[in-house]
Amino acid sequence: MCGRYTTTMTWREMHDLYRITEGVPALNLEPNYNVTPTSRMPIVRDREADGREAVLARWGLIPFWHKGDIKTARMLNNARAETVSSLASFREPFRRRRCIVPADGFYEWTGEKQARLPWYIGMGDGGTLSMAGLWDRWEPKDGSPPVDSFAILTTGPNKIMAPIHERMPVFLDPPQFDAWLNAKTDAPDLLAMLRPYRDDALIAYRVSTEVNSNRSAGAHLTQPLTDEPRQPTLL
DNA sequence: CCAGACGTTGTT
DNA sequence: GTCTGG
DNA sequence: CCAGACGTTGTT
DNA sequence: GTCTGG
């Protein structure tokens with residue numbers, strides 16, 4: 001779940017929403033309506049000493065202990081909330097390297113393998129979403145620069161998602177940002193945040209299969225199909 | 001003790 | 001069928 | 001997540 | 001790096 005998402009957030013919007021520390025270098029952000037794993041995308045995290053930054057990182061977490069080259073690394077796009085505190089790949093990132101992944105929405109597919117049908121899920125009011133994430137830093141043995149990468153937390157579905165899929169990303173609201181990003185927050189408080197999103201905010205609708213290809217781009221990818229209901233009716 | 005894994009998703 | 005790449 | 005590849009040899 | 005399996 002959540003193997004494709006969208007974001008149109010500008011640096012200014014990101015700076016204000018997440019209270020990025022003044023002086024952090026601005027990122028040159030382009031709208032992306034088809035973010036795929038391995039893309040370099042902005043994440044928000046607390047700095048070690050103090051303050052908060054937004055940096056580009058690779059979608060697909062590479063554990064710090066990974067041996068071999070980047071091509072042999074497992075692609076960890078998602079991390080299940082239910083097991084994130086204990087699994088080898090996520091334990092340390094969950095304890096000390098949490099982040100927020102800015103998004104507008106995400107895609108999900110239904111149907112059989114030969115005919116997968118994409119849906120878009122976003123905020124009903126057109127607002128942004130803040131996905132709970134983990135990041136890690138992997139140092140290649142050949143001396144090339146460190147690679148920062150991230151995974152998106154998943155949990156069970158809310159009422160909007162249930163007809164479409166059995167998992168959904170964890171979304172955080174502004175009152176939760178500080179605690180989620182703060183390295184000192186205790187595990188029980190963190191785990192309590194990893195809940196399905198409230199039922200009254202999201203909408204889901206069918207979109208064109210054009211988004212199936214990772215080469216497709218453009219705002220029209222999130223436009224609703226005509227002749228299709230705005231509410232999920234499958235399953 | 002050492003060797004080997006370390007992950008999620010979907011679909012049949 | 002299964003793995004890799006984006 | 002889906003799409004696309006899935007391989008070796010030799011020559012430029 | 002750390003845990004699990006043998």
Side-chain angles (χ1 to χ4, degrees), chain A residues 1-7 30-42 56-97 101 103-122 129 131-141 146-157 161-170 187 194 196 204-218 221-222 232 234-235:
Chain A
M1 132 61 27
C2 201
R4 219 70 84 76
Y5 69 92
T6 69
T7 174
E30 300 288 337
N32 191 334
Y33 298 90
N34 194 3
V35 179
T36 64
T38 70
S39 299
R40 276 171 50 83
M41 296 302 296
L56 295 181
R58 179 189 191 268
W59 186 15
L61 186 145
I62 303 171
F64 68 95
W65 43 258
H66 173 72
K67 299 174 179 64
D69 62 22
I70 196 166
K71 290 194 166 188
T72 63
R74 295 280 189 221
M75 268 213 309
L76 305 173
N77 307 331
N78 299 125
R80 293 176 64 89
E82 297 89 333
T83 49
V84 71
S85 63
S86 59
L87 294 182
S89 294
F90 302 129
R91 207 171 85 100
E92 275 303 297
F94 179 69
R95 227 159 57 80
R96 299 216 304 260
R97 293 187 285 277
V101 184
D104 285 10
F106 64 102
Y107 298 100
E108 194 56 60
W109 280 259
T110 57
E112 293 176 11
K113 198 174 186 178
Q114 311 86 305
R116 303 283 283 152
L117 301 175
W119 296 68
Y120 180 73
I121 300 95
L129 288 163
M131 301 191 285
L134 307 176
W135 68 275
D136 210 343
R137 178 169 296 161
W138 173 68
E139 316 248 3
K141 288 284 186 291
V147 177
D148 281 7
S149 58
F150 68 95
I152 296 167
L153 275 282
T154 68
T155 184
M161 280 306 294
I164 300 174
H165 202 71
E166 61 186 6
R167 307 289 299 172
M168 71 185 297
V170 173
L194 306 182
Y205 54 84
R206 274 291 322 281
V207 293
S208 163
T209 54
E210 194 181 337
V211 75
N212 288 14
S213 171
N214 55 29
R215 290 175 305 209
S216 298
L221 294 177
T222 63
L234 294 191
L235 304 188

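The sequence lines fix the lettering, A, B, ..., with proteins before strands; numbering per chain opens at 1.
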### Query
What is the nucleic acid contact for A:Glu108, judged by heavy atoms within less than 4.0 Å: base, sugar-phosphate only, or nothing?
sugar-phosphate

### Query
Can you tell me if the side-chain N/O atoms of A:Arg167 get under 4.0 Å from OP1 or OP2 in B:dT9?
yes

### Task
Looking only at side-chain atoms of A:Trp109, point me to the closest of B:dC6, D:dC1, B:dT8.
D:dC1

### Task
Using the P atoms only, state how far B:dT9 lies from C:dG1, rounded to an integer number of Å.
23 Å

### Task
Using a heavy-atom cut-off of under 4.0 Å over every strand shown, decide if A:Leu61 touches base, sugar-phosphate, or nothing.
nothing

### Message
So, does A:Asn214 get its side chain near the phosphate of D:dC2, meaning an N or O under 4.0 Å from OP1 or OP2?
### Response
no

### Task
Classify the angle between the aromatic ring planes of A:Trp59 and A:Phe150 as parallel (below 30°), tilted (30 to 60°) or perpendicular (above 60°).
parallel

Dump the pairs, protein N or O against N or O of nucleotides 2-6 of chain E, anything under 3.5 Å, distances to one decimal.
none

### Message
Mind checking if A:Asn212 touches a base, just sugar-phosphate, or nothing, with heavy atoms under 4.0 Å?
### Response
sugar-phosphate

### Query
Mapping A:Met75 and A:Lys113 onto DNA chain C by nearest heavy atom, which one lands closer to the 5' end?
A:Lys113

### Query
With rounding to whole Å, what would you report as the distance between D:dC2 and B:dT12 at their P atoms?
12 Å

### Task
Could you work out the separation of C:dC3 and B:dC6 based on their P atoms and round it to a whole Å?
14 Å

### Secondary-structure notation, DNA chain E, from Watson-Crick and G-U pairs under 3.5 angstrom (| other strand)
||||||

### A:Arg80, nearest nucleotide to its side chain (from B:dT9, D:dC2, B:dG7)
B:dT9

### Task
Ignoring backbone atoms, test whether A:Arg215 places a side-chain nitrogen or oxygen under 4.0 Å from the OP1 or OP2 oxygen of D:dG4.
yes

### Message
Taking B:dT8 as the reference, what is the distance to D:dA5 when you measure between their P atoms (whole Å, please)?
### Response
30 Å

### Task
Looking only at side-chain atoms of A:Pro37, point me to the closest of D:dA3, D:dC1, B:dT12.
D:dC1

### Task
Could you state the atom-to-atom distance from CH2 of A:Trp59 to P of B:dT8 in whole Å?
15 Å

